[in-house]
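I have placed the structure first, in the form of structure tokens, so that the comments after it can refer back to it.
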Amino acid sequence: MAERGVTPSQTVGPFFAYCLTPEAYDARGIAGNEIATPDAPGRRIHVEGRVLDGAGEPVPDAMVEIWQADGEGRYADAAGNAAFRGFARAETDVDGRFVFVTVKPGPVPGHDGVSQAPHIAVSVFARGLLNRLATRIYFDDEPANSGDPVLALVPAERRDTLIARREAEGVYAFDVRLQGEGETVFFEI
């Protein structure tokens with residue numbers, strides 16, 4: 001039997017930073033942490049957060065990806081939406097922090113035609129995870145949260161793990177806790 005080395009699907013730690021978030025190596029990646037050009041429709045915001053382990057310690061080598069609609073609820077492939085990429089990627093720093101510069105998304109229709117509250121889809125990659133974790137970011141100042149069909153599936157006592165807090169004008173805070181007390185709700189996809 002041939003001996004084989006570790007593959008990227010077995011661990012993300014040693015591979016993803018060089019290949020997927022190469023800015024630390026003075027290389028240009030296919031996606032950075034800015035999702036929209038300045039002329040993209042919508043209110044520009046920063047989403048700032050941390051990835052934390054079960055003990056509340058920062059995860060310094062995680063990668064966070066986001067997908068979202070623009071401020072008018074249109075995805076990046078919509079006609080006339082060239083200023084909006086719809087996808088961004090960031091690595092965490094030594095304190096487990098990440099930042100995205102984006103626009104606050106508009107509401108989007110769900111598969112059943114029911115409007116979904118403005119939200120951002122999130123994937124988290126980190127050491128020890130063989131598969132990405134999927135979650136969502138909702139906004140604490142968004143009245144449409146009460147009618148969102150996906151948020152309604154989450155037990156009320158855990159919904160706050162999906163809600164970004166408005167910290168200042170245009171700045172929202174959202175932490176991802178991988179396990180333990182206050183664990184972020186993750187979805188099967």
Worksheet item: After noting the C-alpha distance and the side-chain angles of Glu57 and Leu52, does the key distance pass the side-chain contact (heavy atoms from CB on, under 4.5 Å) rule?
Response: CA-CA 5 Å; Glu57 296 296 319; Leu52 304 167; over 6 Å; no
To check you understand the geometry: which heavy-atom pair defines the closest contact between [X] and [Y], and what is its length?
| X | Y | answer |
| --- | --- | --- |
| Glu48 | Val99 | CG-CG2, 4.0 Å |
| Val103 | Ala40 | CG1-O, 4.4 Å |
| Ala76 | Phe84 | CB-O, 3.4 Å |
| Phe187 | Thr135 | CD1-CA, 3.8 Å |
| Asn33 | Ala90 | CB-CB, 4.0 Å |
| Ala36 | Arg44 | O-NH1, 3.4 Å |

Keeping the roles fixed (side chain from [X], backbone from [Y]), state whether a donor-acceptor pair exists under 3.5 Å.
| X | Y | value |
| --- | --- | --- |
| Asp140 | Arg166 | yes |
| Arg159 | Val154 | yes |
| Thr92 | Phe98 | no |
| Ser115 | Pro109 | no |

Item to complete: Kindly give the cluster partners of Phe87, where membership spreads through any ILVMFWY side chain lying under 4.5 Å from a current member.
Response: Trp67
Electrostatic pair [X]:[Y] at N-O distance under 4.0 angstrom:
| X | Y | value |
| --- | --- | --- |
| Asp95 | Arg50 | no |
| Asp93 | Arg97 | no |
| Glu34 | Arg85 | no |
| Glu183 | Arg177 | no |
| Arg43 | Glu169 | yes |

Discussion item. With side-chain contact (heavy atoms from CB on, under 4.5 Å) as the criterion, how do Ile163 and Leu151 come out once you've worked through the C-alpha distance, each side chain's angles and the decisive distance to 0.1 Å?
Written reply: CA-CA 10 Å; Ile163 308 292; Leu151 198 54; 4.2 Å; yes
Worksheet entry | Phe139: partners by ring-ring contact (aromatic ring centres under 6.0 Å, His included), with sequence neighbours left out | Tyr172
To the closest 0.5 Å, what do you measure between [atom1] ([X]) and [atom2] ([Y])?
| X | Y | atom1 | atom2 | value |
| --- | --- | --- | --- | --- |
| Leu162 | Ile137 | CG | CD1 | 9.5 Å |
| Leu178 | Asp53 | CG | CG | 7.0 Å |
| Leu129 | Ser123 | CG | OG | 11.0 Å |

Worksheet item: Do His119 and Pro107 come within less than 4.5 Å of each other through their side chains, counting heavy atoms only?
Response: no
Fill in: Gln116 side chain near Pro149 side chain, heavy-atom distance below 4.5 Å
yes
Discussion item. What verdict does the side-chain contact (heavy atoms from CB on, under 4.5 Å) test give for Arg132 and Met63, after you've listed the backbone C-alpha separation in whole Å, the side-chain angles of each residue and the deciding distance to 0.1 Å?
Written reply: CA-CA 10 Å; Arg132 66 185 170 120; Met63 181 175 74; over 6 Å; no
Worksheet entry | Neighbour count above 12 (heavy atom, 6.0 Å) for Glu181 CD | no
Fill in: Intermediate values then yes/no, side chain to side chain donor-acceptor pair (under 3.5 Å), Arg136 and Gln68
CA-CA 10 Å; Arg136 283 184 168 194; Gln68 66 168 89; over 6 Å; no
Item to complete: Start with the C-alpha distance between Tyr75 and Val108, add both sets of side-chain angles, then the distance that settles side-chain contact (heavy atoms from CB on, under 4.5 Å), and finish with yes or no.
Response: CA-CA 9 Å; Tyr75 288 104; Val108 296; 3.6 Å; yes
Response to the item:
In short, side chain to side chain donor-acceptor pair (under 3.5 Å) pairs touching residues 145-154 with sequence neighbours left out are Tyr138-Asp148
